[in-house]
Amino acid sequence: MRIGYPCVNETLDCSSSTTFRLASYSNERVETTVANNLACLRRILEYNVAHELRFFRISSGIVPFGSHPINTFPWQTRFAAEFRAVGDYIRAENLRVSLHPDQFVVLNSPSADIVQRSIAELEYQGAMLDLMGMDSQAKLQIHVGGLYGDREVAIARFIATYRTLPEAVRRRLVIENDDRLFSLQDCLRVHEAVGIPILFDNFHHECLNHGEPMAEALRLAAATWHPERDGVMMMDYSSQQLGERKGKHTSTLEEELFREFLSHLHGLDVDIMLEIKDKEASACRAVSVLRELQLVAAEVTSA
DNA sequence: ACAGGTCAAGGTGCT
DNA sequence: AGCACCTTGACCTGT
């Protein structure tokens, strides 16, 4: 089991997603920005190794305007060695990485333009993983998309588009159950049609479900991951921020809730991404919680 | 120097 | 029809 956090390290004094305005685009600016972002990514991964955080969501913003037509800079060749070095480090340390394209990637949109731009963005993010030399266990995580007033049509359109995706994207793509529109059950239907793995989000499941207990939901999602092709199931973990609207992520890890969640795994191996506001601080606490549980288990065994 | 408005991109739901 | 929200920082302009 690996523990991780998304995109941003709040301890280090660098960002791996520095960008600039479209209006101030230049090739030179792309080159210096990518160089800085990759250097920061490397520092973050080294920090993570030092803190036993072996799962990390790489920022989508490593290459500014990475899928925008304005970006004609040959970043793939210019930074081939740098990407490769990051990938070598990831493999040497047995880290797991993923990327999460943001809400603008909507494969089931009725607009052909939006779908085309979405695929271009997925290709850009997949290309980074390819340059790192990552296999298909490094995942691109998206949601099913919009409802457009008809769930059945929306799901059918996702499936149809999925089948047209280039292999470099499709072999890494996974869908996440969301908190308002597409539940675990909806994702399972997509999985049954095309075999795409489901990245389970426990908090979204708490917000939107059909009564499946947590342990059952975990088991269902885990069964959609092919061990060799996809690796151990990835999941997002969070909990409700008390006093805020439903769906608001907690600002810091609630250790009791986390322990309770872990009890539903029943030995299932998962890589857990903590979608929690204070990032690596909570991730480090999660590692401590796990270590304590392992110590207790070891004492029980030896006694 | 600093504050505040703004930034490529979508969709939902409330008022 | 318009705006807040998801989620986020930090870029950039105006003072």
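Chain naming here is simple, since letters A, B, ... match the order of the sequence lines and numbering starts at 1 in each.
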**Q** Is there a donor-acceptor pair under 3.5 Å between the side chain of Asn71(A) and the backbone N or O of His68(A)?
**A**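 No, the answer is negative, given that no donor and acceptor are paired below the 3.5 Å cut-off.
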**Q** I want to verify a distance call: between dA8(B), dC6(C), dT7(C), whose nearest atom is closest to the Lys248(A) side chain?
**A**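 Within the option list, the nearest is dC6(C).
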**Q** How close or far is atom P of dC6(C) from atom CD of Gln241(A), stated in whole angstroms?
**A**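 Interatomic distance, CD of Gln241(A) to P of dC6(C): 12 Å.
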**Q** Within less than 4.0 Å of OP1 or OP2 of dT8(C), is there a side-chain N or O belonging to Lys279(A)?
**A**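 Yes, Lys279(A) has a side-chain N/O under 4.0 Å of OP1/OP2 on dT8(C).
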**Q** So, are Arg172(A) and Asp130(A) salt-bridged, with charged N and O less than 4.0 Å apart?
**A**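 Here Arg172(A) pairs with Asp130(A) in a salt bridge, since their nearest N and O are under 4.0 Å apart.
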**Q** Would you kindly give the NE2-to-P distance between His204(A) and dC6(C), to the nearest whole Å?
**A**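 So the NE2-P distance, His204(A) to dC6(C), works out to 11 Å.
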**Q** Between atom CD in Gln125(A) and atom P in dA8(B), what is the gap in whole Å?
**A**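 Rounding to the nearest Å, CD of Gln125(A) and P of dA8(B) are 18 Å apart.
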**Q** In whole angstrom, give the distance that lies between atom NE2 of His143(A) and atom C1' of dC5(C).
**A**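 The answer, rounded to whole Å, is 14 Å.
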**Q** With a 3.5 Å distance limit and no angle check, can you tell me whether His205(A) reaches the backbone of Asp201(A) through a side-chain donor-acceptor pair?
**A**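 Looks like no, no N/O pair under 3.5 Å.
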**Q** Taking the same atom, P, in dT6(B) and in dT8(C), what whole-Å distance lies between them?
**A**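 Approximately 22 Å lies between the P atom of dT6(B) and that of dT8(C).
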**Q** Separation of His249(A) atom NE2 from dC5(C) atom C1', in whole Å?
**A**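 Rounding to the nearest Å, NE2 of His249(A) and C1' of dC5(C) are 13 Å apart.
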**Q** Inspect the contact between Arg189(A) and Glu152(A) and indicate whether a charged nitrogen and a carboxylate oxygen are less than 4.0 angstrom apart.
**A**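 Salt bridge present between Glu152(A) and Arg189(A).
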**Q** Do any N or O atoms from the side chain of His226(A) and from the backbone of Arg229(A) form a donor-acceptor pair under 3.5 angstrom?
**A**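 Checked: pair present.
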**Q** Hey, is the main chain of Ile3(A) close enough, under 3.5 Å, to the side chain of Arg54(A) for a donor-acceptor pair?
**A**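 Answer holds: no.
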**Q** Measure from CD on Glu275(A) to C1' on dC6(C) and round the result to the nearest Å.
**A**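 Glu275(A) atom CD is separated from dC6(C) atom C1' by 11 Å.
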**Q** How far does the C1' atom of dG10(B) sit from the matching atom of dA10(C), given to the nearest Å?
**A**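 22 Å, rounded to whole Å.
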**Q** Which stems does DNA chain B form, counting runs of 3 or more consecutive Watson-Crick or G-U wobble pairs with both distances under 3.5 Å?
**A**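 Runs of three or more consecutive pairs: B:1-7 with C:9-15, B:10-15 with C:1-6.
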**Q** Strictly below 4.0 Å, N to O, side chains only: are Glu255(A) and Arg259(A) in salt-bridge contact?
**A**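 Yes.
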**Q** Give me the distance, rounded to whole Å, that separates dG13(B) from dT7(C) when you measure between the P atoms they each carry.
**A**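 My reading of the P atoms in dG13(B) and dT7(C) gives 15 Å.
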**Q** Which whole number of Å gives the distance between the C1' atom of dA3(B) and that of dC5(C)?
**A**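 That atom pair is separated by 24 Å.
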**Q** By nearest nucleotide on DNA chain C, pick out whichever of Pro6(A) and Thr19(A) is the more 5' one.
**A**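 Closest to the 5' end, via its nearest nucleotide, is Pro6(A).
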**Q** Roughly how many Å is it from CG in Asp179(A) to C1' in dC5(C), rounded to a whole number?
**A**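 My rounded result for the distance is 11 Å.
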**Q** Reading nucleotides 9-15 of chain B from the 5' end, what letters show protein touch, with B for base, S for backbone sugar-phosphate only, - for no heavy atom under 4.0 Å?
**A** BBSSS--
**Q** Using the P atom as the point on both nucleotides, what is the distance between dA4(C) and dC7(B), in whole Å?
**A**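 About 15 Å, rounded to a whole number of Å.
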**Q** For Asp278(A) and dG9(C), what is the distance between atoms CG and C1' respectively, to the nearest whole Å?
**A**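 Atom CG in Asp278(A) sits about 17 Å away from atom C1' in dG9(C).
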**Q** Got a salt bridge between Glu275(A) and Arg57(A), using NZ or NE/NH1/NH2 to carboxylate O under 4.0 Å?
**A**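 Result for this pair is yes, salt bridge flagged.
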**Q** Inspect the contact between Asp13(A) and Arg43(A) and indicate whether a charged nitrogen and a carboxylate oxygen are less than 4.0 angstrom apart.
**A**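 Result for this pair is yes, salt bridge flagged.
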**Q** With DNA chain C as reference, determine whether Val8(A) or Arg29(A) sits nearer its 5' end, using the nearest nucleotide of each.
**A**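 Residue closer to the 5' terminus by nearest nucleotide: Val8(A).
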**Q** State plainly whether the residues Arg157(A) and Asp150(A) are in salt-bridge range, i.e. N to O under 4.0 Å.
**A**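 Looking at Arg157(A) and Asp150(A), the cut-off is not met.
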**Q** With rounding to the closest Å, how many angstrom separate the P atoms on dG9(C) and dT12(B)?
**A**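 One P to the other, the span is 26 Å.
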